[in-house]
Amino acid sequence: MHPRDSINDPAPPAQRDPRALLREVFGHADFRGAQEEIIRHLVAGGDALVLMPTGGGKSACYQIPALVRPGTGIVVSPLIALMQDQVAQLRQAGVRAAFLNSSLAATDVAAVERSLLARALDLLYVAPERLLTARCLEHLSRSPLALLAIDEAHCVSQWGHDFRPEYLQLSVLHERFPGVPRIAVTATADPYTRAEIAERLALGRARVFVSSFDRPNIRYTILDKGDPQRQLLRFVREEHPGEAGIVYRLSRRSVDETAAWLAAQGIRALPYHAGMDNAMRAAHQARFQGEDGVVMVATIAFGMGIDKPDVRFVAHLDLPRSVEGYYQETGRAGRDGLPADAWMTYGLADVVQQRRLIDLSGANDAYKRVASARLDALLGLCETAGCRRVRLLAYLGETSGPCGNCDTCLEPPVTWDATKVAQKALSAIYRTGQRFGAAHVIAVLRGGGGERIARWEHDRLSVFGIGADLDEGAWRGVFRQLIALGLARVDHAAHGALKLTAASRAVLKGEQRVEMRRVRGRLAAARKQRTAPGTALPGEAATLLDTLKAWRREEARAQGVPAYVILHDATLSEIARRRPGNVSALGTISGIGVRKLERYGPALLALVNPGDAAASTRA
């Protein structure tokens with residue numbers, strides 16, 4: 001069954017109701033947030049710029065209008081994995097969907113093109129590189145188009161870490177197809193990036209829909225870095241045993257080392273980065289998507305196009321480049337709305353490394369200023385003594401109150417008057433000539449020996465040994481916070497030397513008080529695993545859920561698709577809890593549309609009602 005009875009003779013839009021399609025195709029009874037308003041705006045022919053958090057239902061905002069309006073909906077998507085995931089899920093729901101990208105053989109490309117020209121596709125996902133070819137644009141010009149959707153629209157931003165040069169040319173869609181409604185969607189865009197998207201995609205007159213960026217199911221935790229791999233191991237073992245997660249590292253080498261170390265500790269961990277051969281990378285991605293409890297250790301190249309709903313945690317062992325990047329990466333956790341964790345360790349070396357990447361990049365001064373400002377905002381998030389979520393949402397232009405579900409809300413940090421300690425640190429930077437990094441300055445403050453200190457005669461300075469009362473870890477926390485507060489900076493042109501800023505003068509003169517967070521234990525005690533309200537299943541239902549997951553696993557293996565493409569965990573949990581006794585009752589379960597009811601209904605009812613042979617046919 002297709003959402004349309006006849007593609008060659010489409011009914012007027014008014015005869016196909018978006019709400020009915022939502023129920024029949026996707027199995028959901030109600031729209032969320034602004035979804036319905038966005039959909040009806042597009043159905044009426046309007047353009048839209050949509051900012052909606054990951055898991056908020058962005059894809060439905062263009063998929064449903066594409067089914068309502070006559071013609072084929074064209075979706076520009078930046079990653080092969082993203083297309084494959086979404087097309088597989090649409091086909092499961094009975095939608096005629098296909099994709100065009102570099103993974104297809106020439107014969108497969110030709111088959112998709114024939115389907116497009118024959119008006120046999122509801123949705124076609126196209127890589128930006130492919131769309132911009134003369135051949136593809138010609139095929140689109142010969143086909144009735146329902147709408148043009150630009151997914152992951154933040155890729156147009158030259159300031160962002162996911163910048164794709166091809167996105168800058170997508171204004172051609174407006175020029176070539178001026179009468180076709182367009183929608184640009186993203187989960188990640190601060191106010192500056194929003195303006196950039198609108199300008200570069202010629203969406204200046206589009207209606208802008210901004211949903212709340214809050215992901216209340218995600219708990220944010222940022223720890224002072226000690227032994228990051230052991231901190232991670234404790235976190236995974238005590239809070240997410242046997243659950244899927246993503247661990248982000250900055251370099252390929254650190255990815256390989258961390259994945260191997262976790263695997264040696266009994267964690268099902270796999271590496272993923274651009275330095276691996278394509279076959280191994282694809283195999284690891286397939287395992288992550290298709291198996292339960294796999295932890296992927298990766299560079300930020302991984303995850304953008306992954307629609308896996310049951311990722312229970314995202315961990316950063318290295319500092320991201322911006323709040324925007326952090327939000328996008330952590331947003332890959334808990335797409336199913338169930339509790340998830342965004343967990344990060346952070347130390348002085350991370351700050352130095354990120355400053356180094358900015359200072360030594362070949363970018364122009366304007367880019368470096370923007371990158372530095374974004375890093376400063378991220379440091380502010382890391383060092384805040386207030387609610388993490390308040391700080392995160394404020395950066396994205398949203399006002400909120402304390403969430404009660406981040407580390408600083410659950411365990412408010414202790415702050416202390418660090419004015420005298422800051423004066424000692426700043427004085428040591430000055431007295432050593434602003435020519436040395438943190439390790440050397442700390443050694444001077446603590447009265448350390450060593451050939452280097454003696455060679456520079458720093459053991460004769462007035463600041464030598466004045467900080468012996470603090471250990472090295474505490475001093476590193478002090479210097480990290482001085483940099484975050486803008487009282488000191490790292491000069492990579494001088495080999496990472498610490499230098500004073502203009503703002504430090506007032507502190508040295510005693511005119512400004514300095515307050516700092518007290519460094520918390522580096523292997524903080526794990527918190528109890530959380531269970532979403534109403535998701536805990538009694539014994540029989542839990543056993544049934546295991547049976548349903550085993551069935552799903554075999555079904556997914558037979559079809560060669562990830563298990564969640566068949567049915568989501570939340571759908572299986574609802575089946576196990578409600579134990580529907582007939583087809584009609586099963587059809588009311590969220591996530592089961594008409595096509596899935598026809599395809600999987602008999603098998604599901606047989607599992608739910610093993611002693612009732614007539615259940616699978618009873619209305």
Side-chain angles (χ1 to χ4, degrees), residues 2-52 56-77 82-83 86-87 89-91 93-99 116 119-126 131 140 143-153 170 173-174 176-187 197-198 201-203 205-211 307 593-595:
H2 293 308
R4 296 177 181 152
D5 294 329
S6 172
I7 190 68
N8 294 312
D9 184 24
Q15 294 186 22
R16 290 190 297 271
D17 180 63
R19 185 171 287 274
L21 281 172
L22 179 72
R23 174 68 260 181
E24 294 165 12
V25 178
F26 300 102
H28 301 303
D30 294 301
F31 287 107
R32 287 183 284 168
Q35 278 182 326
E36 185 168 13
E37 189 178 4
I38 295 166
I39 288 166
R40 295 195 182 278
H41 176 69
L42 284 164
V43 168
D47 294 337
L49 171 56
V50 175
L51 293 95
M52 189 178 286
K58 295 185 299 298
S59 57
C61 292
Y62 55 78
Q63 290 171 349
I64 290 179
L67 298 177
V68 172
R69 291 177 58 86
T72 302
I74 306 299
V75 184
V76 182
S77 183
L82 184 68
M83 298 185 200
Q86 293 208 352
V87 167
Q89 294 188 66
L90 286 167
R91 287 176 175 172
V95 177
R96 298 173 298 177
F99 59 79
L116 173 66
R119 305 184 182 187
L121 292 176
D122 298 319
L123 279 152
L124 175 61
Y125 286 70
V126 188
L131 180 137
L140 295 184
S143 309
L145 302 182
L147 57 77
L148 297 162
I150 301 170
D151 202 2
E152 307 292 346
L170 292 182
L173 296 176
H174 176 61
R176 292 286 294 265
F177 311 105
V180 179
R182 292 175 302 142
I183 174 175
V185 297
T186 181
I197 292 171
L201 297 180
L203 286 168
R205 296 185 178 181
R207 186 172 172 187
V208 179
F209 296 86
V210 181
S211 299
D307 201 22
V594 172
R595 178 63 177 269

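Position 1 is the first residue of the sequence, and the numbers go up from there.
- Separation of atoms CD1 (I74) and CZ (R182) is listed at 14.5 Å; rounding is to 0.5 Å.
- Atom CZ of F31 sits about 4.0 Å away from atom CD1 of I39, to the nearest 0.5 Å.
- When the options T72, V87, V75 are evaluated for a side-chain contact (heavy atoms from CB on, under 4.5 Å) with L124, the one that passes is T72.
- L140 has its side chain within reach of L131: a pair of non-hydrogen atoms, C-beta onward, lies under 4.5 Å apart.
- A 4.5 Å side-chain heavy-atom check between L203 and I150 finds every atom pair outside the cut-off.
- Residues forming a side-chain contact (heavy atoms from CB on, under 4.5 Å) with A44 (at least two apart in sequence, or on another chain): none.
- The minimum heavy-atom distance linking L42 with P181 is given by the pair O-CG, 3.9 Å.
- For the pair V95 and Q63, the minimum side-chain heavy-atom distance is 4.5 Å or more.
- Of the inter-residue distances, the one linking I64 atom CD1 with R19 atom CZ reads 10.0 Å to the nearest 0.5 angstrom.
- The shortest distance between side-chain heavy atoms of L123 and Q86 does not fall below 4.5 Å.
- Across A206 and L49, no two heavy atoms sit closer than the pair CB-N, 4.2 Å.
- Interatomic distance, R205 CZ to D47 CG, rounded to the nearest 0.5 Å: 10.5 Å.
- Contact check on D122 versus R91 returns no salt bridge, with no Lys/Arg side-chain nitrogen under 4.0 Å from an Asp/Glu carboxylate oxygen.
- Residues satisfying the ring-ring contact (aromatic ring centres under 6.0 Å, His included) test with H28, not counting sequence neighbours, are none.
- Contacts of F209 classified as ring-ring contact (aromatic ring centres under 6.0 Å, His included), with partners at least two apart in sequence or in another chain: H41.
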Original post:
Could you go step by step and tell me if L90 and F26 meet the side-chain contact (heavy atoms from CB on, under 4.5 Å) rule?
Top reply: CA-CA 9 Å; L90 286 167; F26 300 102; 4.0 Å; yes

